[in-house]
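Okay, so here's the structure we're looking at.
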Amino acid sequence: MKIRFLDNWRKRQGGTRGAALAAAVRTDPEGVAELFAECELLRARAAQCGLELDDSPASLSALDQLPPIWRDDPEELPWVGNDAGLYLGTVLVRTVPAAVWDILAGGKPVVRLGSGREIDVVSAGLDWAMSGSPELSEMYAESAESGPEAKTR
């Protein structure tokens with residue numbers, strides 16, 4: 001995936017894609033959060049089923065109820081799973097106090113809660129896309145319980 005601002009960061013930093021993304025999270029966390037929130041394929045599949053994703057915890061429950069048509073396409077499955085994880089992370093960051101995006105050394109995006117706990121949202125999204133378990137709403141509920149009460153939307 002070519003992302004111009006990340007490629008520019010990598011060139012200036014002389015590092016890997018993961019290092020460039022980590023630097024971008026530190027200097028422009030809102031920009032990176034917006035990038036992660038796009039989840040274009042997941043949003044398109046949800047829209048095909050009449051669901052508009054509004055970045056709320058309730059939308060995670062609605063996603064859990066969608067028929068998993070992406071499982072019929074082995075090429076689409078990992079992309080939907082990746083988007084589902086990034087969407088879960090987006091909902092966490094936007095609704096749980098002190099939750100922020102962070103990048104692990106290998107370039108993996110995680111959500112860091114105020115308690116310091118790291119949530120590997122991409123792996124959770126891939127598991128959900130492949131098997132439906134754990135449900136995205138369950139992952140949200142467990143993560144939201146780890147920190148202060150969720151923000152109201």
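All heavy atoms count here, side chains included; hydrogens, waters and symmetry mates do not.
- We find the CD-CG distance between Glu135 and Leu60 to be 10.5 Å, quoted to the nearest 0.5 Å.
- Under the rule for a salt bridge (charged side-chain N to carboxylate O under 4.0 Å, His left out), Glu138 has no partner lying at least two apart in sequence or in another chain.
- Checked for salt-bridge contact, Glu30 and Arg94 miss the test: no charged N lies under 4.0 Å from a carboxylate O.
- Rounding to the nearest 0.5 angstrom, the gap separating the CE atom in Met139 from the OG atom in Ser123 is 9.0 Å.
- The closest side-chain donor-acceptor pair between Ser61 and Tyr140, if any, does not fall under 3.5 angstrom.
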Original post:
salt bridge (charged side-chain N to carboxylate O under 4.0 Å, His left out) between Asp55 and Arg43: does it pass, once the steps are laid out?
Top reply: CA-CA 11 Å; Asp55 302 347; Arg43 289 180 189 276; 2.8 Å; yes
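- Taking CZ of Arg112 as the start and CG of Leu92 as the end, the distance is 14.0 Å to the nearest 0.5 Å.
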Original post:
Given the rule in the side-chain contact (heavy atoms from CB on, under 4.5 Å) test, do Val93 and Phe36 qualify, once you have shown the distances and angles that lead to the verdict?
Top reply: CA-CA 11 Å; Val93 167; Phe36 288 165; over 6 Å; no
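- Of all the heavy atoms in Thr90 and Ala37, the pair that sits closest is OG1-CA, 3.4 Å.
- Expressed to the nearest 0.5 Å, how far CG of Leu77 lies from CG of Asp72 amounts to 10.0 Å.
- Formation of a donor-acceptor pair under 3.5 Å by the Asp83 side chain with backbone atoms of Leu41 is found in this model.
- The local environment of CD in Gln48 is crowded, with over 12 non-hydrogen atoms from other residues, nucleotides or ligands closer than 6.0 Å.
- Note: Trp128 CH2 to Leu136 CG = 5.0 Å, rounded to the nearest 0.5 Å.
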**OP:** Kindly determine whether Leu86 and Asn82 satisfy side-chain contact (heavy atoms from CB on, under 4.5 Å), including the steps that lead there.
**Re:** CA-CA 6 Å; Leu86 293 176; Asn82 187 72; 3.6 Å; yes
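- For the residue pair Asp64 and Ser137, a side-chain donor N or O sits within less than 3.5 Å of a side-chain acceptor on the partner.
- Shortest non-hydrogen contact noted between Pro109 and Val122 is CG-CG2, 4.0 Å.
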Subject >> Residues Asp102, Val111; criterion side-chain contact (heavy atoms from CB on, under 4.5 Å); working and verdict >> reply: CA-CA 6 Å; Asp102 198 5; Val111 172; over 6 Å; no
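- A salt bridge does not link Glu76 to Arg71: none of the charged side-chain nitrogens sits closer than 4.0 Å to a carboxylate oxygen.
- Distance check, rounded to the nearest 0.5 Å: CG of Asp54 to OG of Ser59 gives 5.0 Å.
- Both Leu63 and Trp79 are assigned to one and the same hydrophobic cluster, defined by single-linkage of ILVMFWY side chains at heavy-atom distances under 4.5 Å.
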**OP:** Please lay out, stage by stage, how Ile119 and Val110 fare under the test side-chain contact (heavy atoms from CB on, under 4.5 Å).
**Re:** CA-CA 6 Å; Ile119 309 297; Val110 297; 6.0 Å; no
